[in-house]
Amino acid sequence: MHKRRWLLQRLLFGAAAFHVVGDSAAATLPLLDENDPAAIALGYRANAKLVDRRRYPSYDGRQACVNCALLAFGTGIQRSCSLFPGKLVFASGWCKSWIKKGR
Ligand code: SF4
């Protein structure tokens, strides 16, 4: 339950932050570091191909930020993610909160 509340708070805050920041300003945000505690907690990797499949068996090799419902719309290779407000993630990245786009 605690994790669900945390995830919901991150989603709401991220959506609000993205709305305030806007798409063009988002391009100036810093990249999410894989060693950021929040990134570590969610197993974020900038290159999804480097995900440890033994540690994250839900990763199927086709999942990436680019096809995750939480990545901001656009075409850039670095975009905002609702879970990491104030940072950009790589479209080629992945974390264990991946949600199929278009569900
Ligand atoms: Fe964000 Fe989805 Fe990428 Fe995870 S997989 S970092 S939730 S866009």
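Order of appearance sets the numbers: ligands from 1, and atoms from 1 within every ligand.
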Point to revise | Pair Arg53 + Asp60: basic N to acidic O under 4.0 Å | key: no

Point to revise | side-chain contact (heavy atoms from CB on, under 4.5 Å) between Leu50 and Arg45, worked out | key: CA-CA 7 Å; Leu50 301 178; Arg45 296 302 306 260; 3.7 Å; yes

Review point. Any idea how many protein N, O or S atoms are nearer than 2.8 Å to atom 2 (Fe) of ligand 1?
Key: 1

Review point. For Leu88, does its backbone N or O pair with a side-chain atom of Arg79 as donor and acceptor, under 3.5 Å?
Key: no

Point to revise | Separation of Cys65 SG from Leu32 CG (nearest 0.5 Å) | key: 9.0 Å

Review point. Would Leu29 end up clustered with Tyr44 when hydrophobic side chains under 4.5 Å apart are linked, directly or stepwise?
Key: yes

Check your understanding: With atoms numbered from 1 as shown, which atoms in ligand 1 lie under 4.0 angstrom from a non-hydrogen atom of Phe84?
Key -> 6 (S)

**Study point:** Validation row, ring centre Trp98 to ring centre Tyr59 under 6.0 Å
**Key:** no

